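The following block contains the structure, expressed as structure tokens.
Only heavy atoms go into these numbers, but all of them, side chains included; no hydrogens, no water, no symmetry mates. As the structure is a prediction and not an experimental result, all values here were calculated from the model.
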Amino acid sequence: MRRIGWMGLPLVAGGLLVGTACDLDQSFLFPDPIEDVPGVVDLGNLTPVPLSTRLNVQDQVIYGELGPTGTALTGGATFTFDGIGGSVCVWVDPELAYWNQSVSPADPVAEWSQPDNVFDDGDIDLTGGLSVYYTGTPGVEIGDFEVRYQDDLGNVVPIQLVECVNTDEYFGNPGAHSGRGSPEFCTLSNTLAGTSYTIVMSAWSLPLDDDRLAYGLLVTEGSCEDLRDFMGTGGANRQGDECLITGEAIIPGQEQGIDAAGLGLPGPTWLGSDEPDNWSDSEAFEDAFCSFTLRDYCRAERQQITRQGLTCAWENDASIAGNGERCFCGDLSDTPSGGSF
């Protein structure tokens with residue numbers, strides 16, 4: 001007598017699900033790795049740059065690129081430096097610049113009334129501390145800075161030992177991150193002479209147009225306030241910080257810089273003295289962002305595109321022929337109305 005009926009079907013279906021769920025390939029959810037653009041890279045041991053001349057500091061900016069890891073693991077770059085017995089500033093500026101468009105019908109902010117191109121921006125989160133506490137594997141896996149303490153009751157408590165603490169640029173909250181396209185920086189005060197420190201630049205998000213996150217990096221003697229004053233961006237605000245390092249919108253496919261290779265940096269990297277090629281008008285765009293002339297820049301960009309009969313390749317890699325022109329401002333037709341999403 002057969003006893004298989006409708007009540008047996010859920011068991012069979014459930015068995016099939018259990019049998020196949022563990023074999024589900026989810027790799028399609030992540031962008032593929034890009035040849036010659038590492039998802040995780042170690043830049044080696046860097047020497048903090050003295051604040052001698054502005055040209056010297058600009059020449060020592062390290063430019064690089066990060067790509068997808070191809071997995072759910074966070075990518076990024078690490079490096080070490082030896083303490084100098086005083087303060088050290090670490091400053092990183094990811095590609096490119098981001099702002100929220102002002103759409104208030106009652107009291108709009110004219111400077112931010114133009115839309116941003118959100119597809120060309122990436123996000124790097126900065127952290128660091130003593131190398132002895134670093135849990136990652138340089139060049140292989142990004143980690144953190146912590147030790148595990150076991151109390152008298154046997155509870156294991158992770159203790160964070162971060163010394164490179166980024167400060168939120170809007171509210172001044174320590175430990176907050178700046179967000180998409182914005183520079184992050186921290187001062188490691190009273191570093192121990194000769195002691196190794198590790199800095200982690202986690203690639204929180206990659207640009208959507210090409211999955212290649214370019215960045216500019218400076219490691220200098222003194223505090224970050226000293227660096228701001230020295231580079232002429234003192235009394236800093238979001239705009240001034242963005243222009244401390246410029247030219248981080250690197251054009252893909254360039255050979256590694258001669259000076260960067262001579263310093264022992266892994267590719268793809270360049271020093272400021274290598275003068276790597278960046279996207280045309282990207283520095284003019286950053287200057288407009290810093291000098292509160294962004295509205296005029298975006299209007300001029302849109303008029304030029306119209307006059308030349310071109311289209312903006314917001315969502316695509318503009319380096320691929322036929323995809324249009326690289327634009328730094330967004331699509332005006334995507335502007336939301338006030339109070340809507």
Side-chain angles (χ1 to χ4, degrees), residues 53-65 91-102 109-124 169-170 178-185 207 209 213-218 220 224 227-251 254 270-308 310 312-314 318-319 325-332:
T53 66
R54 182 164 180 168
L55 178 61
N56 176 65
V57 173
Q58 290 172 331
D59 283 348
Q60 296 304 309
V61 174
I62 297 172
Y63 295 98
E65 283 188 296
W91 192 294
V92 60
D93 191 347
E95 181 186 2
L96 185 57
Y98 174 79
W99 68 93
N100 288 316
Q101 184 180 7
S102 176
V109 181
E111 177 59 27
W112 310 115
S113 60
Q114 301 294 312
D116 176 41
N117 173 14
V118 299
F119 298 97
D120 65 351
D121 298 323
D123 187 3
I124 286 178
E169 60 191 2
Y170 295 106
S178 297
R180 177 188 292 169
S182 298
E184 296 210 355
F185 47 90
D209 59 357
L213 175 54
Y215 62 86
L217 167 68
L218 258 177
T220 66
C224 291
L227 178 60
R228 278 170 161 169
D229 292 339
F230 184 82
M231 298 297 285
T233 61
N237 51 41
R238 185 183 184 201
Q239 283 66 42
D241 289 345
E242 179 60 45
C243 275
L244 194 143
I245 294 177
T246 58
E248 74 271 13
I250 302 295
I251 296 178
Q254 300 178 61
W270 305 262
L271 291 183
S273 55
D274 288 316
E275 297 184 351
D277 294 331
N278 49 48
W279 288 111
S280 176
D281 289 335
S282 65
E283 290 192 63
F285 166 71
E286 289 184 280
D287 288 342
F289 183 93
C290 298
S291 60
F292 299 94
T293 58
L294 191 59
R295 179 176 61 169
D296 295 338
Y297 178 92
C298 290
R299 285 176 172 174
E301 179 186 75
R302 191 161 52 248
Q303 290 170 0
Q304 181 179 1
I305 290 294
T306 302
R307 281 197 305 266
Q308 296 179 357
L310 302 173
C312 292
W314 290 296
S319 65
E325 187 77 6
R326 175 170 286 264
C327 296
F328 300 105
C329 302
D331 187 352
L332 195 61

Give, for atom OH of Tyr98 and atom CG of Asp116, the distance between the pair rounded to the nearest 0.5 Å.
->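 Going from OH on Tyr98 over to CG on Asp116, the span is 6.5 Å.
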Derivation and outcome, side chain to side chain contact (heavy atoms under 4.5 Å, CB included), residues Asp281 and Tyr297 | CA-CA 10 Å; Asp281 289 335; Tyr297 178 92; 3.6 Å; yes
Keeping the roles fixed (side chain from Glu301, backbone from Cys329), state whether a donor-acceptor pair exists under 3.5 Å.
-> yes
Under 3.5 Å donor-acceptor, Thr53 side chain and Asn56 backbone | yes
Ignoring hydrogens and angles, tell me if any N or O in the side chain of Glu184 forms a donor-acceptor pair with the backbone of Ser178 under 3.5 Å.
-> yes
Is any side-chain heavy atom of Ile62 closer than 4.5 Å to a side-chain heavy atom of Leu271?
->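 Yes, at least one pair of side-chain atoms sits under 4.5 Å.
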Looking at CZ of Arg295 and OG of Ser102, how far apart are the two atoms once the value is rounded to the nearest 0.5 Å?
-> 10.5 Å
Measure the shortest side-chain to side-chain distance between Leu244 and Asp93 over non-hydrogen atoms and say whether it is less than 4.5 angstrom.
->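 Counting from C-beta outward, Leu244 and Asp93 never come under 4.5 Å.
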Aromatic rings Phe328 and Phe285: how do their planes relate, parallel, tilted or perpendicular, breaks at 30° and 60°?
-> parallel
Is the shortest heavy-atom distance from the side chain of Arg302 to the side chain of Gln114 under 4.5 Å?
-> yes
Heavy atoms of Ile305 and Cys312 approach each other most closely as CG1-SG, 4.1 Å
Kindly give the heavy-atom pair with the smallest separation between Thr246 and Glu242, and that separation in Å.
-> CG2-O, 4.4 Å
Could you tell me whether the side chain of Asp241 reaches within less than 4.5 Å of the side chain of Trp91, counting heavy atoms only?
-> yes
Between OG1 on residue Thr220 and CE on residue Met231, distance to nearest 0.5 Å =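 Here the interatomic distance stands at 9.5 Å.
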Does the side chain of Pro115 come within less than 4.5 Å of Asp331's, by heavy atoms?
-> no
Quick one: closest heavy-atom pair of Glu65 and Tyr215, and the distance?
-> N-CE2, 3.7 Å
Can you tell me if Glu95 uses its side chain to pair, donor with acceptor, with the backbone of Ile250 under 3.5 Å?
->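 Not at all, since once roles are kept as given, no pair shorter than 3.5 Å links the two residues.
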Using atom types as modelled and distance alone, determine if a side-chain donor or acceptor of Glu111 lies under 3.5 Å from a backbone N or O of Leu294.
->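 Yes.
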Contact check, side chains of Leu96 and Phe289, non-hydrogen atoms, under 4.5 Å | no
Please list, chain by chain and in numerical order, all residues satisfying side-chain contact (heavy atoms from CB on, under 4.5 Å) with Asn117, sequence neighbours excluded.
-> Phe119, Asp120, Trp314
Could you pull out the closest heavy-atom pair between Pro94 and Ser182, with the gap in Å?
-> CD-O, 3.2 Å
Find the distance between SG (Cys224) and CG (Asp229) and round it off to the nearest 0.5 Å.
-> 11.5 Å
Give a yes or no answer on whether the side chain of Trp270 reaches the backbone of Asp277 with a donor-acceptor pair at less than 3.5 Å.
-> no
Are the side chains of Val118 and Arg180 in touch, meaning some heavy atoms are under 4.5 Å apart?
-> yes
Apply side chain to side chain donor-acceptor pair (under 3.5 Å) to Gln101 and list each qualifying residue two or more places apart in sequence or on a separate chain.
-> Thr335
Side-chain heavy atoms of Tyr63 within contact of Ile245, under 4.5 Å |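 Side chain of Tyr63 against side chain of Ile245, heavy atoms only: contact under 4.5 Å found.
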